[in-house]
Amino acid sequence: MPRRDADALAARVPDGALLAIPPDNSLTPAALARALVKRGAHGLRLLGVPVSGYVCDLLVGAGCVASLQTSAASIGEAGLAPRIAAALAAGTLDLIDATCPAIHTMLQAAEKGVPFMPLRGVLGSDLLAHRPDWRVIDNPFQPDDPILLLPALAPDIALFHALCADEAGNVYVGRRRELATIAHAARRSLVTVERVVPGNLLEDEAMAAGTISGVYIEAVAVAPRGAWPSGLLDTYQTDTAHLAEYAKLARTEEGFADYLARFVVDGGETT
Amino acid sequence: MPRRDADALAARVPDGALLAIPPDNSLTPAALARALVKRGAHGLRLLGVPVSGYVCDLLVGAGCVASLQTSAASIGEAGLAPRIAAALAAGTLDLIDATCPAIHTMLQAAEKGVPFMPLRGVLGSDLLAHRPDWRVIDNPFQPDDPILLLPALAPDIALFHALCADEAGNVYVGRRRELATIAHAARRSLVTVERVVPGNLLEDEAMAAGTISGVYIEAVAVAPRGAWPSGLLDTYQTDTAHLAEYAKLARTEEGFADYLARFVVDGGETT
Amino acid sequence: MIRPEERLIGAIARLILDPSAPPARHIAVGAASPIPAAACWLVKLLGHDVRLSLLHQANGNPFTEGTRELFDLAGQGRIDLFFLGGGQIDGQANLNLIGTGAWPGRAARFPGSFGSAFMYLMVPRTILFREEHSPRVLVPRVDHISAPGVSPPGVFRRGTAQALVTGRCVFRFDPAAARFALASVHPGETADSVRAATGFDYDAPGAPPLTADPTADELALLRGPVRARMAATYPAFCRRVFGEDVEHSHG
Amino acid sequence: MIRPEERLIGAIARLILDPSAPPARHIAVGAASPIPAAACWLVKLLGHDVRLSLLHQANGNPFTEGTRELFDLAGQGRIDLFFLGGGQIDGQANLNLIGTGAWPGRAARFPGSFGSAFMYLMVPRTILFREEHSPRVLVPRVDHISAPGVSPPGVFRRGTAQALVTGRCVFRFDPAAARFALASVHPGETADSVRAATGFDYDAPGAPPLTADPTADELALLRGPVRARMAATYPAFCRRVFGEDVEHSHG
């Protein structure tokens with residue numbers, strides 16, 4: 001397998017692409033996001049699956065993002081996502097609100113190749129008035145039972161960081177099986193990993209359950225500590241001090257520029 | 001965790017229950033099926049997920065079964081399922097034909113708690129005329145696009161055999177993650193395992209991905225070689241010679257009675 | 001001395017154990033909810049047979065399919081009780097996690113709806129919790145409804161809010177009337193002080209009782225075993241509320 | 001000597017590689033299909049860039065969600081080519097895996113539809129394969145349609161049968177006409193012998209060519225590396241078709 005780095009993957013992401021981004025606690029593509037900022041990506045449409053944190057806030061702050069669909073945005077315990085809030089206030093971000101299971105359901109519909117999937121709940125929420133792409137129908141199986149239908153949503157590209165890849169292009173996400181749904185639903189997946197291991201993880205019965213087949217993965221790059229400042233399963237813990245520092249700096253444009261200079265442009269992928 | 005055997009689990013299966021049964025190559029509950037035969041279970045409604053083999057044929061042959069919903073029935077390379085075919089010819093079995101992804105979809109709808117889920121394909125198949133519970137509607141998102149809707153199907157009980165259980169009641173199915181959907185969809189799950197291990201598999205990052213949470217599992221029993229004559233992941237291989245012998249004996253009622261006497265009533269759970 | 005947070009934990013634990021409510025055999029707790037999480041641990045360590053699914057806890061994540069598994073569990077009817085809050089909460093128990101001003105929060109943006117629009121309808125019991133009790137938070141009518149407090153007949157809904165616990169009091173919720181009633185006030189508060197701090201109208205039959213303090217046994221559990229189970233996920237909260245750690249058990 | 005099965009394998013491999021058909025970058029093969037599986041391995045070992053997902057193979061099962069993952073892959077449009085057969089196949093390429101006589105097969109029961117009702121519509125190319133070529137199998141009209149050969153306009157469908165390979169010949173399928181045409185006959189057969197053995201009508205423009213034999217290179221691949229990859233899943237087939245094993249490589 002050719003060795004690539006996060007910058008090489010970022011080069012494969014076209015401006016304007018719809019990108020699925022897992023949140024801070026679920027193999028988030030932090031190194032890839034920094035690489036996208038470095039390459040000056042523009043007009044990206046982000047989908048937080050199902051919520052958003054550091055990665056989306058960083059990309060919004062750096063001016064890479066035209067729209068963000070998400071169910072919530074926060075930097076974990078550090079509070080609201082400051083650059084997203086600032087862009088919203090400035091009117092430079094198109095924020096499309098959803099609710100967590102709706103995002104899962106839209107991806108599951110794409111995974112299954114069906115044009116829509118129903119979801120209980122949500123009726124009575126003002127979300128509906130702001131989602132013309134969502135429909136309420138009468139349950140065809142039971143009269144007088146309104147139910148929400150959600151359209152399939154296939155991201156152009158899923159970005160995430162996994163523990164390892166193998167020589168066959170499979171990637172290991174362990175218990176974070178929700179990443180499989182994202183990879184299945186997306187047209188392409190670009191994945192950074194801590195390391196590449198020999199052999200084929202899908203042929204190893206002890207590893208297969210936590211492995212996403214290479215059939216869904218377009219390219220892999222090695223990015224040690226590529227989820228940082230988020231944690232990675234039991235490999236490394238979340239760097240809560242860094243996230244708190246980020247959240248504090250990102251409260252102002254100057255502070256955010258300072259953050260970019262110190263941790264992104266000048267290389268901050270490992271600490 | 002109290003130690004139980006397969007007979008104790010079989011005692012928890014009421015006559016008439018709708019049972020989800022994975023096929024021969026996917027952690028099939030063979031020891032449990034033999035225990036059901038021994039206890040004289042009656043009127044069971046079987047759901048082959050998505051096809052049926054030895055276990056369903058055995059239960060049908062022993063007179064335990066009122067109906068079978070499945071997408072196909074065969075004893076692997078040994079050919080058609082002989083007791084199912086005989087019961088069908090005799091008019092003693094209500095056979096409800098489906099197609100594999102429809103069974104997966106009906107279970108996924110139950111897993112998600114929605115009343116139905118769509119599926120592409122199937123239109124033009126005579127299956128539709130024989131499934132009054134399936135509906136074709138116009139896709140609400142696109143005119144002139146007929147699409148099949150399938151109702152949620154929640155089995156009363158899922159039966160399967162897993163590699164191990166832990167002290168918290170979680171069970172390990174490894175790469176056979178499709179069992180998780182079955183367990184999620186079913187109201188209750190009864191599981192035999194090769195052995196019980198200490199600790200909590202869900203707290204072990206190396207094991208969690210292949211583990212089904214005990215929240216879905218009502219009871220576990222130890223049944224060594226409990227999938228036999230089917231194989232179990234990389235633990236033991238399918239006993240093709242035994243399946244061939246079964247398929248041959250089960251061609252006649254006398255041969256099947258002989259099989260029951262030799263391998264079921266008199267204990268044949270290990271070989 | 002009993003800390004205010006300990007009293008809130010105790011009050012929530014009593015609501016969980018309310019014998020008049022549907023049974024809570026399986027409780028899920030969302031992220032960044034140390035007080036509800038502590039209440040659940042307290043209930044469990046008091047010996048009640050309850051399963052806890054705590055999102056985002058540092059150890060022992062119970063899921064293998066992320067939050068989708070939580071929502072599917074709720075869809076299956078396997079979650080009995082959940083906790084929600086809101087940037088605004090109104091007198092009909094509507095929740096606003098979107099923001100104020102023009103959609104989607106031009107005046108002030110809240111974090112977003114999370115799974116509230118689903119969970120509030122799918123779970124038989126929801127305990128609302130918001131520490132800040134002010135006219136800014138408890139409003140006559142939320143600017144935007146993330147999740148509705150009640151639903152018209154015909155809408156599939158398994159339950160509503162059971163109660164709203166704030167830093168000043170406990171309200172019970174009557175879904176038939178779509179109205180809160182004051183159930184108890186915390187020490188230092190009165191019927192009048194709560195009324196003055198509340199933007200929505202509610203029932204207040206008679207003089208409200210004081211919210212009960214946790215018992216000595218409960219406090220011992222909170223400061224020992226409960227704290228031990230929460231320290232990895234909420235270290236700052238544990239230090240602030242329970243004081244310096246005196247034991248290191250973590251089982 | 002070339003065995004009949006080796007000729008069928010070669011014929012299927014040529015259909016897979018047909019440059020006029022949509023590209024086959026990812027091929028899936030169902031259970032109990034040694035001849036199609038061997039054809040796929042042959043294509044791959046000839047050096048073509050193709051991904052194989054072989055169901056039920058003893059080693060290297062490619063899925064972690066069982067057959068659901070196969071069907072989801074097909075739903076996503078990620079499977080380019082699949083193989084199907086039928087207890088009956090008719091002249092419009094309708095497949096019957098249900099049975100004959102009254103539903104669901106009172107006269108003779110076939111195994112059941114498997115995933116055919118889905119895959120036939122969702123995959124851009126299907127190669128039909130049935131070794132038995134007789135009026136009993138190739139009928140004017142199937143008793144029951146498990147999966148339809150063609151669909152009316154407006155029905156979502158990505159493809160149809162590309163061809164039908166039997167023990168006697170290769171038919172190509174024209175979806176616009178919903179009709180087979182004889183493409184080649186295997187050695188020992190003629191236009192007339194095929195016509196006599198076929199229950200449905202089909203086009204046969206001119207004298208049919210003979211189905212080409214596998215080349216010497218192809219035969220060497222079949223009897224060596226292809227056999228090595230299939231032996232664990234289809235031991236009896238490999239012994240019967242490829243003779244006694246002379247090498248033990250398995251990579």
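Here is how names work: the chains are called A, B, and so on, in the same order as the sequence lines, proteins then strands, and each is numbered from 1.
- No donor-acceptor pair closer than 3.5 Å links the side chain of D:R109 to the backbone N or O of B:A86.
- For the set B:L88, B:I84, B:V49, the count of heavy-atom pairs under 4.5 angstrom toward chain D peaks at B:L88.
- Heavy atoms of B:A98 lying under 4.5 Å from chain D belong exclusively to its backbone.
- Residue B:L119 touches chain D through its side chain alone, counting heavy-atom pairs closer than 4.5 Å.
- When the shell of 6.0 Å around CD of D:E132 is examined, it contains more than 12 heavy atoms from other residues, nucleotides or ligands.
- Counting heavy-atom pairs under 4.5 Å between each of D:S116, D:P111, D:P152 and chain B puts D:P111 at the top.
- Summarising the geometry, atom CZ belonging to D:F71 is positioned 5.5 Å from atom NE2 belonging to B:H104; distances are rounded to the nearest 0.5 Å.
- With a 6.0 Å radius and a threshold of 12 heavy atoms from other residues, nucleotides or ligands, D:R136 has its CZ atom at or below the threshold.
- Under the 3.5 Å distance criterion, the side-chain polar atoms of B:R176 are left unmatched by any main-chain donor or acceptor of D:T64.
- Between B:E178 atom CD and D:E69 atom CD the span is 9.5 Å, to the nearest 0.5 Å.
- Contacts between B:V122 and chain D at a heavy-atom distance below 4.5 Å involve backbone atoms as well as side-chain atoms.
- Listed by chain and residue number, B:N139, B:D145 satisfy the side chain to side chain contact (heavy atoms under 4.5 Å, CB included) test with B:Q142 (two or more places apart in sequence, or in another chain).
- With a 4.5 Å cut-off on non-hydrogen atoms, D:T67 touches chain B through its backbone and its side chain both.
- Inter-residue side-chain proximity for D:R68 and B:T181 is flagged as met; some heavy-atom pair is nearer than 4.5 Å.
- When all heavy atoms of B:P101 and D:G115 are compared, the pair lying nearest together is CD-CA, 3.9 Å.
- When the candidates D:L121, D:L97, D:D72 are compared by the number of heavy-atom contacts under 4.5 Å with chain B, D:L121 comes out ahead.
- One finds the CG atom of B:L148 at 14.0 Å from the CZ atom of D:F156 (value rounded to the nearest 0.5 Å).
- Residue B:D133 places its CG atom among more than 12 non-hydrogen atoms of other residues, nucleotides or ligands, all under 6.0 Å distant.
- Only the side chain of D:I98 has a heavy atom closer than 4.5 Å to any heavy atom of chain B.
- D:P104 and B:D97 make their closest contact through CB-OD2, 3.3 Å (heavy atoms, listed as atom of the first residue, atom of the second, distance).
- Interface residue D:F110: only backbone heavy atoms are found under 4.5 Å from chain B.
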What verdict does the side chain to side chain contact (heavy atoms under 4.5 Å, CB included) test give for B:T99 and D:F114, after you've listed the backbone C-alpha separation in whole Å, the side-chain angles of each residue and the deciding distance to 0.1 Å? CA-CA 5 Å; B:T99 185; D:F114 290 99; over 6 Å; no
What do the steps show when you test D:S113 against B:L127 for side chain to side chain contact (heavy atoms under 4.5 Å, CB included), and what is the final call? CA-CA 9 Å; D:S113 295; B:L127 286 169; 4.1 Å; yes
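- When the candidates D:A147, D:A74, D:S146 are compared by the number of heavy-atom contacts under 4.5 Å with chain B, D:S146 comes out ahead.
- For the set B:A89, B:C100, B:G121, the entry with the most heavy-atom pairs within less than 4.5 Å of chain D is B:C100.
- Comparing D:G99, D:A117, D:A108 by heavy-atom pairs within less than 4.5 Å of chain B, the highest count is held by D:A117.
- Of the two parts of D:I145, the backbone and the side chain both hold a non-hydrogen atom closer than 4.5 Å to a non-hydrogen atom of chain B.
- In summary, the side chains of B:S125 and D:H144 do not present any donor paired with an acceptor at a separation below 3.5 Å, with no hydrogens or angles considered.
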